[in-house]
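To keep things clear, I will list the structure first and then write my remarks on it.
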Number of protein chains: 2
Amino acid sequence: MDDSGDKPRSSRSTGSARLTDVARVAGVAPMTVSRALNRPELVSESTRLRVQQAVLETGYVPNRVAGALASSRSRLVALLVPTVAHSLFAEVVQTVMGVLSSQGYQVLLGLVGYTPEQEETILETVLSRRPDGIVLTGCRHSALTRQRLKAAEVPLVEIWDMTDDPLDMLVGFSHEAVGRAVAEHLLSRGYRRFGIISADDSRAKLRVAGFVSGLESAGIGEYQLREVGTPSSMPWGREKSAELLDRHALDAIVCSSDILALGVLSEAQSRGLTVPGQLAIMGFGDSSYAAASFPALSTVRIDGAAIGLRAAEHLLQRMAQPTFERAGQVLDVGFEIIDRDTT
Amino acid sequence: MDDSGDKPRSSRSTGSARLTDVARVAGVAPMTVSRALNRPELVSESTRLRVQQAVLETGYVPNRVAGALASSRSRLVALLVPTVAHSLFAEVVQTVMGVLSSQGYQVLLGLVGYTPEQEETILETVLSRRPDGIVLTGCRHSALTRQRLKAAEVPLVEIWDMTDDPLDMLVGFSHEAVGRAVAEHLLSRGYRRFGIISADDSRAKLRVAGFVSGLESAGIGEYQLREVGTPSSMPWGREKSAELLDRHALDAIVCSSDILALGVLSEAQSRGLTVPGQLAIMGFGDSSYAAASFPALSTVRIDGAAIGLRAAEHLLQRMAQPTFERAGQVLDVGFEIIDRDTT
DNA sequence: GCCTTGAATGATTGCGCTATCATCCAGGGC
DNA sequence: GCCCTGGATGATAGCGCAATCATTCAAGGC
């Protein structure tokens with residue numbers, strides 16, 4: 001009845017219902033509406049119901065932009081991955097979002113590709129949203145990126161890589177160890193003349209380095225390496241393996257992703273090579289189609305869901321305990337060699 | 001020199017540099033800093049450089065939360081898809097984000113699954129961020145969702161479906177037409193006894209309905225239908241096809257996704273059935289592995305990149321022209337039957 | 001000289017919310 | 001009666017920025 005106290009809506013207002021509108025309808029102070037919605041345990045049952053009713057009547061949708069500004073809590077988590085067009089990262093995105101959204105966080109997704117420059121650019125705009133937490137793929141960042149992240153003092157989980165010295169928390173695995181394990185596996189199978197097809201991305205190169213060091217430990221210094229651009233694709237795999245097979249006598253080709261390996265497989269088949277008899281092929285990622293190819297692709301399984309899950313959990317924990325000591329927690333989720341029919 | 005005019009930093013402040021800090025260092029008014037950063041053409045060259053310098057000195061990172069509140073422009077676009085763990089939607093996410101981020105927009109990703117309830121919940125929290133635009137998968141929404149979207153008056157593109165009556169703009173294709181085209185294709189190949197394995201999702205069901213109506217047009221009223229839960233997977237495909245093949249004499253099985261079709265294929269192979277001689281198999285989506293399977297999977301290609309691209313473009317256009325008449329623009333990107341070696 | 005013009009810059013205000021502290025009041029101890 | 005306690009509610013003041021309008025000043029016309 002008494003709406004004489006309303007301020008006239010300024011020309012800058014958006015026109016939709018505000019907290020004060022709900023407060024007027026419910027006959028309480030704006031602050032009480034805020035509490036009824038965000039901390040209902042502080043408000044009496046009857047007030048809560050009146051507010052609820054008023055929200056429905058006014059069609060009020062809270063403005064979290066204003067809320068974030070006032071409270072310095074955005075309830076936003078930034079998730080930076082190279083791409084989602086790769087099932088491994090898609091899996092991470094899927095699980096991280098599942099965990100975080102169940103706890104009331106929303107996710108600002110950033111696709112940083114495979115270059116430090118893109119990461120820098122995107123990180124800057126991401127930080128301008130003042131996220132409550134960040135999940136960041138990889139742990140080899142430019143100096144500027146590291147500096148910005150430290151300055152932002154925002155809970156952070158690096159994923160999908162391994163280091164002793166994380167910026168904050170880390171959930172991942174060692175790419176070098178993957179490479180080394182693949183080398184040992186193939187050597188134990190008796191393969192000796194290796195081709196490598198690797199994407200031009202820093203983590204793939206780490207795996208290659210691990211693989212090569214594994215070979216060297218066994219006294220093998222010779223191998224053939226080809227790099228391909230991103231995104232990896234079957235045609236890249238075919239083209240580079242054709243090149244390798246034309247010029248070198250190889251008995252195994254190791255690829256930095258399953259999709260490349262599939263390309264190698266089809267090249268081998270088109271040349272009438274028996275797999276793995278005349279040519280062994282190793283992928284990486286254990287994509288859903290690795291098991292479905294014929295012959296079924298041997299590969300390395302990374303549990304993206306586990307990484308996403310643990311990363312999200314770590315982040316939630318840290319966000320809940322604001323200044324918990326920066327423990328430098330590191331979790332290695334490992335990997336698994338999947339020995340199917342191409343090795 | 002003169003910093004006597006500074007307000008003491010309130011206890012509620014976040015501690016990082018603000019516009020006023022930069023302004024003080026640069027020796028200009030805060031408003032001038034704002035202009036130098038957001039509308040540099042309004043500021044003299046020398047001022048712009050001084051501000052730039054001051055930004056570097058202070059390590060200032062703009063607070064877009066405050067900016068969004070003050071300007072009623074969030075520079076945020078919400079992108080709602082069922083999942084990213086499916087290459088088709090991942091492709092859409094990838095392209096939408098590519099286009100939008102090049103124009104300075106950030107993307108708030110929402111995974112709505114395949115139920116209207118999840119869509120409702122997520123849409124509510126999404127709207128509370130006051131996005132400048134929304135890309136929404138599907139165009140069959142609950143009444144509440146439709147009402148909220150209309151009330152929000154935010155530029156909207158529905159994707160991945162088709163209707164005459166979009167909420168705002170629409171870029172997609174007709175799932176019924178897909179089903180009908182698949183029916184015609186298989187009938188023309190001479191297949192007559194059909195099994196259908198479909199996910200329990202509304203758009204897959206539309207494709208089934210189209211397929212069935214295609215059969216009926218040809219006078220075929222009998223078919224075997226099995227539904228599977230989400231997410232679809234190879235084991236689901238194997239299990240349901242085993243069930244179908246045990247009980248019915250079929251010469252073709254149509255699946256609502258490639259991954260299901262791959263499961264059917266492996267079941268067929270394990271039974272020693274020749275494909276397509278004794279059993280034809282049809283997928284949907286033309287995932288990257290469809291061409292790689294053996295035999296290569298026949299399927300339906302949807303150009304997810306085109307959908308994402310056009311959707312993002314439409315949205316950008318609408319966001320640039322605030323109250324352009326709600327044209328009800330509809331774009332049908334169609335689909336393509338990919339006739340490989342399983343039909 | 002005087003006015004106009006427009007580019008550059010500044011001062012003020014408010015976006016819609018929540019932190020914080022103040023107030024109010026019922027219930028209880030003594 | 002008085003004071004304490006604590007739950008419920010309210011009033012006030014900002015969060016950091018940009019919209020808006022005001023001011024300044026050099027250049028130019030006459």
Side-chain angles (χ1 to χ4, degrees), chain A residues 5-24 26-51 55 58 60-75 127-130 132 322, chain B residues 5-24 26-51 55 58 60-75 127-130 132 322:
Chain A
D6 304 346
K7 278 190 190 148
R9 209 178 269 278
S10 121
S11 64
R12 289 174 60 181
S13 165
T14 53
S16 56
R18 294 155 303 173
L19 209 50
T20 50
D21 299 320
V22 178
R24 181 163 29 79
V28 297
M31 195 59 234
T32 301
V33 176
S34 172
R35 272 194 285 256
L37 296 177
N38 299 317
R39 313 201 43 193
E41 73 278 11
L42 295 181
V43 152
S44 75
E45 177 73 4
S46 66
T47 308
R48 205 172 51 66
L49 291 174
R50 287 228 307 288
V51 169
V55 166
T58 53
Y60 174 67
V61 178
N63 185 329
R64 285 187 204 231
V65 176
L69 180 60
S71 67
S72 307
R73 290 199 60 199
S74 61
R75 292 210 151 270
L127 287 177
S128 73
R129 300 280 174 194
R130 302 294 190 266
D132 290 342
Chain B
D6 303 347
K7 276 187 193 153
R9 210 178 267 280
S10 123
S11 65
R12 289 174 60 181
S13 167
T14 53
S16 55
R18 297 155 299 173
L19 210 48
T20 50
D21 299 319
V22 179
R24 181 163 30 77
V28 296
M31 196 58 233
T32 301
V33 176
S34 172
R35 273 194 285 255
L37 296 176
N38 299 318
R39 314 200 45 194
E41 74 277 10
L42 295 182
V43 152
S44 75
E45 178 73 3
S46 66
T47 309
R48 204 172 52 67
L49 291 175
R50 288 228 306 289
V51 168
V55 166
T58 52
Y60 173 66
V61 178
N63 185 329
R64 286 187 204 232
V65 177
L69 181 60
S71 67
S72 306
R73 289 199 59 198
S74 61
R75 292 211 149 269
L127 287 177
S128 73
R129 300 277 174 196
R130 302 294 190 266
D132 291 341

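Naming: A, B, ... by sequence-line order, numbering from 1 per chain. These numbers come from the heavy atoms of this one structure, side chains and all, not from hydrogens, waters or symmetry mates.
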Which atom pairs, donor and acceptor, lie under 3.5 Å between side-chain atoms of residues 38-45 of chain A and protein residues at least two apart or in another chain?
| unit_1 | atom_1 | unit_2 | atom_2 | d |
| --- | --- | --- | --- | --- |
| A/N38 | ND2 | A/S34 | O | 3.2 |
| A/S44 | OG | A/S46 | OG | 3.4 |
| A/S44 | OG | A/T47 | N | 3.3 |
| A/S44 | OG | A/T47 | OG1 | 2.7 |
| A/E45 | OE1 | A/R48 | NH2 | 2.9 |
| A/E45 | OE2 | A/R48 | NH2 | 3.2 |

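- For B/S13, the side chain to side chain contact (heavy atoms under 4.5 Å, CB included) test picks out B/R9, with sequence neighbours left out.
- Note: CG (A/D21) to P (C/dG16) measures 9 Å, nearest angstrom.
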Between protein and nucleic acid, restricted to nucleotides 18-24 of chain C and to nitrogen or oxygen atoms under 3.5 Å apart, what atom pairs and distances do you find?
| unit_1 | atom_1 | unit_2 | atom_2 | d |
| --- | --- | --- | --- | --- |
| C/dT18 | OP1 | A/N38 | ND2 | 2.7 |
| C/dT18 | OP2 | A/S34 | OG | 2.4 |
| C/dT18 | O2 | B/R12 | NH2 | 3.4 |

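- Here the side chain of B/S71 pairs a donor or acceptor atom with the backbone of B/G67 at under 3.5 angstrom.
- Between the CG atom of B/L37 and the P atom of D/dG16 there is a distance of 16 Å, given to the nearest Å.
- Remark: B/S72 engages A/T14 in a side chain to side chain contact (heavy atoms under 4.5 Å, CB included) (not counting sequence neighbours).
- Under 4.0 angstrom from either OP1 or OP2 of D/dA8 there lies no side-chain N or O belonging to A/T47.
- If you check every strand for non-hydrogen atoms under 4.0 Å, B/V65 touches nothing.
- Contact annotation for B/T14: backbone-only contact, meaning every heavy-atom pair under 4.0 Å involves sugar-phosphate atoms and none involves a base.
- D/dT9 atom P lies 12 Å from atom CZ of A/R48, rounded to whole Å.
- By the side-chain hydrogen bond (donor to acceptor under 3.5 Å, both in side chains) test, A/D132 pairs with A/S74, sequence neighbours left out.
- Per the geometry, CZ belonging to A/R24 stands 13 Å off P belonging to C/dG16, to the nearest Å.
- A close approach under 4.0 Å does occur between a side-chain nitrogen or oxygen of A/S13 and OP1 or OP2 of C/dG16.
- Residue A/T32 places none of its side-chain N or O atoms closer than 4.0 Å to OP1 or OP2 of D/dA8.
- Rounding to whole angstrom units, CZ of residue A/R75 and P of C/dC17 are separated by 16 Å.
- Look at CG on A/L42: it is 15 Å from P on D/dG6, rounded to the nearest Å.
- When the C1' atom of C/dG16 is taken as reference, atom CG of A/N63 falls 6 Å away, rounded to whole Å.
- With sequence neighbours left out, A/A17 forms a side chain to side chain contact (heavy atoms under 4.5 Å, CB included) with A/D21, A/T58, A/Y60.
- Shown here are the side-chain hydrogen bond (donor to acceptor under 3.5 Å, both in side chains) partners of A/S128, two or more places apart in sequence or in another chain: B/R64.
- Comparing B/G27 and B/S72 by the nucleotide of DNA chain C that holds the closest heavy atom to each, the one mapping nearer the 5' end is B/G27.
- Counting to the nearest Å, the P atom of C/dC15 and the CZ atom of A/R18 are 7 Å from each other.
- Distance CE/B/M31 to CG/B/L19: 8.0 Å, rounded to 0.5 Å.
- Inter-residue side-chain proximity for B/R130 and A/S16 is flagged as met; some heavy-atom pair is nearer than 4.5 Å.
- Comparing the helix axis at one end of the helix from C/dG1-D/dC30 to C/dC30-D/dG1 with that at the other, each defined from 5 consecutive pairs, gives an inter-axis angle of 50° (nearest 10°).
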